[in-house]
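Single-structure report; data block below.
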Amino acid sequence: MATTTSVEERNREIVERVSFEPYVTGEMDAIDEMVSEGFVLHDPLSPEEIRGPERFKEYVESFRTAFPDLHLTTEEIVAEDDRVAVHWTVGGTHEGPIPNLDLEPTGEEFEISGMEFDRIEDGKLAETWLVYDSLGFMQQLGVIPTEEDAGAQ
């Protein structure tokens with residue numbers, strides 16, 4: 001049982017260091033070290049999958065540019081075998097373009113919660129699936145009207 005626990009704890013550490021720290025600190029060394037060449041990120045707002053460590057670094061940088069005050073909180077993290085599940089909260093102020101959305105800065109603040117499901121392979125992050133409140137995100141940025149906004153017109 002101790003071996004399983006140590007593998008699961010190592011997998012949790014990989015996810016924390018790769019999926020969270022680079023967004024906040026800008027340090028990309030963990031991505032170079034802990035993301036597989038065949039890595040795939042599935043983001044509901046991205047028109048295509050993010051593939052490979054270099055493209056993942058570009059993706060992280062685009063969020064750091066769009067939201068320079070980005071903050072992330074890990075609410076809960078669970079690991080079992082080669083899978084890691086994380087419930088998180090993220091927020092910030094929209095001060096730069098979001099390339100995937102062709103969206104110029106709105107100056108609006110947002111805070112949403114979401115989950116990610118990660119797969120670890122050979123000690124590296126191999127795949128990430130993101131699930132979050134993309135509608136709430138776009139509404140908070142003022143891009144899509146809320147029900148209250150629509151009813152006021």
Query raised in the report: Do you know which two heavy atoms are closest between Q139 and T146, and how far apart they sit?
Result: NE2-CA, 3.5 Å
Query raised in the report: Rounded to the nearest 0.5 Å, how far apart are CG of D82 and CZ of R119?
Result: 7.0 Å
Report summary line: Smallest heavy-atom separation, P97 atom then A66 atom, equals O-CB, 3.5 Å
Query raised in the report: Should V84 and V78 count as side-chain neighbours, where that means a heavy-atom distance under 4.5 Å?
Result: no
Query raised in the report: Which atoms form the tightest heavy-atom contact between F20 and V15, and what is the distance?
Result: CD1-O, 3.6 Å
Query raised in the report: Between W129 and H42, how do the two ring planes meet: parallel, tilted or perpendicular, split at 30° and 60°?
Result: parallel
Query - Same cluster (ILVMFWY, side-chain, under 4.5 Å), M138 and V131 - result: no
Query raised in the report: Hey, what do you get for CD (E16) to CG (D118), rounding to the nearest 0.5 Å?
Result: 10.5 Å
Query raised in the report: Looking at side-chain heavy atoms only, is the closest gap between V143 and E108 below 4.5 Å?
Result: no
Report summary line: Between the CG atom in N11 and the CE atom in M34, the distance rounded to the nearest 0.5 Å is 10.5 Å
Query raised in the report: Are any non-hydrogen side-chain atoms of E61 and M28 less than 4.5 angstrom apart?
Result: yes
Report task. Apply side chain to side chain contact (heavy atoms under 4.5 Å, CB included) to the pair R17 and E21, showing each step before the final yes or no. Result -> CA-CA 5 Å; R17 290 206 41 222; E21 289 177 15; 3.9 Å; yes
Requested in this report: Measure the spacing between CD of Q140 and CG of L135 and express it to the nearest 0.5 Å.
Outcome: 10.0 Å
Report summary line: Sorted by chain and residue number, the ring-ring contact (aromatic ring centres under 6.0 Å, His included) partners of H87 (sequence neighbours excluded) come out as none
**Report entry** D69 atom CG: more than 12 heavy-atom contacts under 6.0 Å
**Finding:** yes
Query raised in the report: Any side-chain heavy atom of S19 sitting closer than 4.5 Å to one from V86?
Result: no
Report task. Indicate, with yes or no, if V7 and F117 share a hydrophobic cluster defined by side-chain heavy-atom contacts under 4.5 Å among Ile, Leu, Val, Met, Phe, Trp and Tyr. Result -> no
**Report entry** Evaluation steps, salt bridge (charged side-chain N to carboxylate O under 4.0 Å, His left out), between K57 and E54
**Finding:** CA-CA 5 Å; K57 287 192 280 190; E54 290 306 313; 3.0 Å; yes
Query - Within-4.5 Å side-chain heavy-atom neighbours: R10 and I120 - result: no
Query raised in the report: V90 and side chain to side chain contact (heavy atoms under 4.5 Å, CB included): which partner among Y132, F110, Y23?
Result: F110
Query raised in the report: Can you get from I14 to V40 by hopping between Ile, Leu, Val, Met, Phe, Trp and Tyr side chains that sit under 4.5 Å apart?
Result: no
Query raised in the report: Between the side chain of T74 and the main-chain N/O of E76, is any donor-acceptor distance below 3.5 Å?
Result: no
Query raised in the report: Does atom CD of E33 have more than 12 heavy-atom neighbours from other groups under 6.0 Å away?
Result: yes
Query - same_hphob_cluster(L125, V24) at 4.5 Å side-chain heavy-atom cutoff - result: yes
Requested in this report: Please name all residues satisfying salt bridge (Lys or Arg N to Asp or Glu O under 4.0 Å) with E27, sequence neighbours left out, ordered by chain then number.
Outcome: none
Query raised in the report: Would you say I98 and L141 make side-chain contact, with heavy atoms under 4.5 Å?
Result: yes
Report task. Please round to the nearest 0.5 Å and tell me the distance separating atom CD of E127 and atom CZ of R83. Result -> 7.5 Å
Query raised in the report: Can you name the nearest heavy-atom pair linking S36 to A126, along with the distance?
Result: OG-CA, 3.6 Å
Report task. Could you pull out the closest heavy-atom pair between I31 and P53, with the gap in Å? Result -> CG2-O, 3.7 Å
Query - CG-CG distance between L45 and L130, expressed to the nearest 0.5 angstrom - result: 9.5 Å
Query raised in the report: Between F39 and R51, does a side chain to side chain contact (heavy atoms under 4.5 Å, CB included) hold up when you go through it step by step?
Result: CA-CA 6 Å; F39 173 76; R51 294 187 166 273; over 6 Å; no
Query raised in the report: What about F137 and L72, same hydrophobic cluster or not, with Ile/Leu/Val/Met/Phe/Trp/Tyr joined at side-chain heavy-atom distances under 4.5 Å?
Result: yes
Query raised in the report: Any idea which heavy atoms bring G92 and H71 closest together, and the distance?
Result: N-NE2, 3.9 Å
Requested in this report: Please examine the side chains of D43 and Y59, heavy atoms only from C-beta on, and report whether any two atoms are closer than 4.5 Å.
Outcome: yes
**Report entry** Check against side chain to side chain contact (heavy atoms under 4.5 Å, CB included), T89 and E111
**Finding:** CA-CA 7 Å; T89 303; E111 184 168 283; 3.6 Å; yes
Query raised in the report: Does a side-chain heavy-atom distance below 4.5 Å link E80 with E8?
Result: yes
